[in-house]
Amino acid sequence: MSKFSHVPQPAKDPVMHSCVLFAQDNNPNKVNLGVGAYKDENGKPWILPSVRKAEETISSDLAKYSKEYPPQAGYPLFLKTCQELLFGEEHIAIQEKRIATCQSLSGSGSLHVGLCFFKENYSEHDFYYPSITWANHHLIHEKVYKDIPFCEYTYLYEDGKLAIDFQGMKRDFVNARDGSVFLLHACAHNPTGIDLTKQQWVEVKDIFKAKKHVAFFDLAYQGFATGSFEEDGYSVRMFAEEGVEMVVAQSFAKNFGLYGERVGACHIVHSDRHNSQLSANLQGVMCTIIRKTWSMSPVHGAYIIQTIGQDPELKKQYFEDVKTMSSRIKKMRQMLYDELVRIGTPGDWTPIKTCIGMFTFTGLTPAQVEYIKVKFSVYLLVQGGRMSMCGLTEKNVAYVANAMKQTVENVK
Ligand SMILES: Cc1ncc(COP(=O)(O)O)c(C=O)c1O
């Protein structure tokens, strides 16, 4: 008998499991709206033209783009590009040398590094997540913080209304102990697709300043939500300008289509102007965490990011590519909404039009999510009936709308 026979079957990850079931499904009309990965108008994965060009440059000059280990924090040009994309080239926090940056493993690795940083250096403070959030936040938190529980702050209304309960949220920020850490989705909240307005972000910033709270920004969708890095980076840029201290987990999975390359960065922004020694210390602490965890971050994705970021022509092309993705998603939102209304689907489907980013909370119940999967091979996530808009195409949108109509009519 194996020495490992006591090992139990692990709990299934809902997104991964849904992908497995989807792959096994023989229905030619099947549609995967569970996973958050962009697909083109034919439902196929899309390699951004700017990424293809960058890869040509990299593969034609392997003397420059070697496969050697990178510096522990990552290539300086990569780190510069990460900061410029995130904050904008002229940002005051860059000029005042208030940012420490380390390459990391996409958004998840950056969240992990950020959490380890808090655990090792700031653990006596309370840690808050939105009352509804990306499921992995809790998993990573449990891994790093072990038995230190996290708190929650209000996000949506509790009565099922698909809107932010802003009064409740502010109340929670105000009532929290001074100096608490709050995980904030910088834009394109996953899974709801509902974000704060700019005015609301300013109010939140004022509370954070007054209460000396620390922001832990999860930035997995910059550019992807509105098509503009500036718009989608608004919350982070404004908080940093105003001296709110923060950690930012930056992912290039969605906005560069580099899902499997696992490239991203973790930034710590402090409030001591021109204290580059502090920035160096903070970067060093992150390097130590990485050294103890995966040792070195991979180079290929980093080369792609820095090649695009430091070549004005490629960068221009890249911003066009981002617009292509976000516009296609917006178009699909409108098409699905129009079709649901045209065929008389019971319910209010406005959030499909008004939500932002990859996801929409459709409000379909777990029973309805099961029904639409079994009967129509349309895969959604159970949590809020979350739908990834990326899997919709002009060819399947009518099929999906009809499946949704049948579902809400047949499963109350
Ligand atoms: C809210 C949020 N944060 C972070 C991530 C991190 O993704 P990755 O580790 O692939 O960059 C995701 C991916 O789905 C996400 O939705």
Side-chain angles (χ1 to χ4, degrees), residues 13-19 32-39 45 48 51 74 78 82 85-86 102-116 128-141 143-144 150 155-156 182-196 215-225 232-233 235-236 246-267 290 293-294 297-298 300-302 304-305 322 325-326 329 355-361 380-381 383-384 386-391:
D13 178 273
V15 177
M16 297 305 141
H17 184 55
S18 156
C19 286
N32 191 353
L33 304 177
V35 65
Y38 181 80
K39 301 285 181 291
L48 277 57
V51 167
F78 169 78
C82 294
L85 286 169
L86 172 50
C102 250
Q103 189 189 340
S104 182
L105 292 182
S106 211
S108 307
S110 306
L111 286 164
H112 181 91
V113 171
L115 279 169
C116 289
Y128 283 80
Y129 291 87
S131 54
I132 175 149
T133 197
W134 186 48
N136 264 18
H137 286 152
H138 295 164
L139 298 180
I140 303 173
H141 184 98
K143 171 113 180 67
V144 174
F150 55 81
Y155 204 74
L156 297 188
F182 288 86
L183 184 126
L184 304 165
H185 294 236
C187 67
H189 182 274
N190 176 8
T192 67
I194 305 175
D195 284 351
L196 295 175
F216 186 15
F217 277 109
D218 182 346
L219 185 65
Y221 297 95
Q222 191 179 11
F224 208 95
D232 293 351
S235 51
V236 181
M246 65 176 78
V247 172
V248 188
Q250 179 183 31
S251 165
F252 296 120
K254 323 276 173 166
N255 54 7
F256 276 82
L258 292 175
Y259 304 92
E261 294 292 355
R262 312 309 293 143
V263 62
C266 189
H267 308 259
I290 291 171
T293 317
W294 59 82
S297 297
H300 188 67
I304 295 172
I305 302 293
V322 170
M325 293 191 285
S326 67
I329 291 179
C355 282
I356 199 161
M358 247 184 202
F359 303 110
T360 304
F361 241 26
L380 304 175
L381 222 60
Q383 190 191 23
R386 189 195 79 168
M387 173 187 282
S388 165
M389 309 315 286
C390 304

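Throughout, residue positions are numbered sequentially from 1 according to the sequence presented. Whatever order the structure lists them in is the order used to number ligands and atoms, beginning at 1.
In terms of protein heavy-atom proximity, atom 5 (C) of ligand 1 is nearest to Trp134 CH2, 3.4 Å. In terms of protein heavy-atom proximity, atom 9 (O) of ligand 1 is nearest to Ser108 OG, 2.6 Å. Nearest to atom 10 (O) of ligand 1 among the protein's heavy atoms is Arg262 NH1, 2.9 Å. Nearest protein heavy-atom neighbour of atom 8 (P) of ligand 1: Ser106 OG, 3.4 Å.
Residue contacts with ligand 1: His185 is placed with no nitrogen or oxygen under 3.5 Å of a nitrogen or oxygen of the ligand (distance criterion only). Here's the thing with Lys254: one of its N/O atoms is less than 3.5 angstrom from an N/O atom of ligand 1.
Of all the heavy atoms of Ala253, the ones lying under 4.0 Å from any atom of ligand 1 belong exclusively to the side chain. Looking at Phe252 against ligand 1, nothing comes within 4.0 Å, counting heavy atoms.
At distances below 3.5 Å, at least one donor-acceptor pair connects side-chain atoms of Asp195 with backbone N or O atoms of Ala188. Side chain of Ser235 to main chain of Ala186: a donor-acceptor pair is present (N/O by atom type, distance under 3.5 Å, no hydrogens or angles). With hydrogens and angles ignored, the 3.5 Å screen pairs a side-chain donor or acceptor of Gln222 with a backbone N or O of Leu85. Side-chain atoms of Asn190 never come within 3.5 Å of backbone atoms of Trp134 as a donor-acceptor pair (strictly under, hydrogens ignored). Of the possible donor and acceptor atoms, none in the side chain of Gln250 sits under 3.5 Å from a partner among the backbone N and O of Ser110.
When each atom of ligand 1 is checked for a heavy atom of Gly107 under 4.0 Å away, the hits are 6 (C), 8 (P), 9 (O), 11 (O). Close approach of ligand 1 to Asp218 (heavy-atom distance below 4.0 Å) involves ligand atoms 1 (C), 2 (C), 3 (N), 4 (C).
Contact annotation: Met358 has no heavy atom less than 4.0 Å from any atom of ligand 1. Using a 4.0 Å heavy-atom cutoff, Tyr259 is absent from the residues neighbouring ligand 1.
Ile329 contributes atom CD1, which lies 11.0 Å from atom NZ of Lys39 (distance to the nearest 0.5 angstrom).
Relative ring orientation between His185 and Tyr155 is described as tilted, the plane-to-plane angle lying within the 30° to 60° band. In this structure, Tyr129 and His141 have perpendicular ring planes: the angle between them is above 60°, well past the 30° mark.
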